[in-house]
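Structure first, then comments.
Quantities reported herein were computed from a predicted structural model and do not represent experimental measurements.
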Amino acid sequence: MPIVIRNGRVIDPFFQHGPRGGRADCRRARRRRRPHLSSPKAEIFDATGMIVAPGFIDMHVHLREPGFEHAETIESGSRAAAAGGFTSICCMPNTKP
């Protein structure tokens with residue numbers, strides 16, 4: 001089912017380069033509405049007061065597994081990253097062995 005996000009503040013470099021800070025791009029996108037986005041089957045998410053941004057990438061993560069699971073595991077580090085809006089992480093090789 002498609003999800004439509006409405007009323008949020010968009011932070012996206014793609015939209016920052018337009019003549020009006022992305023507003024022209026947003027208006028143009030509205031004119032090209034896709035049928036499935038206005039479908040009654042689409043889930044509407046009200047993002048009032050929230051920031052809407054592409055997923056973040058963390059290029060320097062210490063997950064500590066194997067060898068130091070008492071500090072953090074792949075699962076606990078991945079869950080923490082996802083909770084913070086990260087969709088990709090790059091694990092550093094500081095484990096034992």
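Ser78 and Leu63 get closest at one heavy-atom pair: N-CD2, 4.5 Å.
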Report all side-chain donor-acceptor pairs from residues 45-57 shorter than 3.5 Å, counting only partners two or more places apart or in another chain.
from, atom 1, to, atom 2, distance (Å)
Asp46, OD1, Asn7, ND2, 3.0
Asp46, OD1, Thr48, N, 3.2
Asp46, OD1, Thr48, OG1, 2.6
Asp46, OD2, Thr48, OG1, 3.4

I'd like a table of donor-acceptor pairs (distance under 3.5 Å, sequence neighbours excluded) in which one partner is a side-chain atom from residues 79-90, with atom names and distances.
from, atom 1, to, atom 2, distance (Å)
Arg79, NE, Glu75, OE2, 3.0
Arg79, NH2, Glu75, OE2, 3.1

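To the nearest 0.5 Å, atom CZ of residue Arg64 and atom SG of residue Cys91 are 9.5 Å apart.
Residue pairs that meet the side chain to side chain donor-acceptor pair (under 3.5 Å) test with at least one member in residues 65-74, sequence neighbours left out, are Thr73-Ser76.
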For this session: Evaluate the criterion side chain to side chain contact (heavy atoms under 4.5 Å, CB included) for residue pair Arg6 and Ile44; output intermediate values, then yes/no.
Result: CA-CA 7 Å; Arg6 293 198 175 151; Ile44 307 296; 4.1 Å; yes

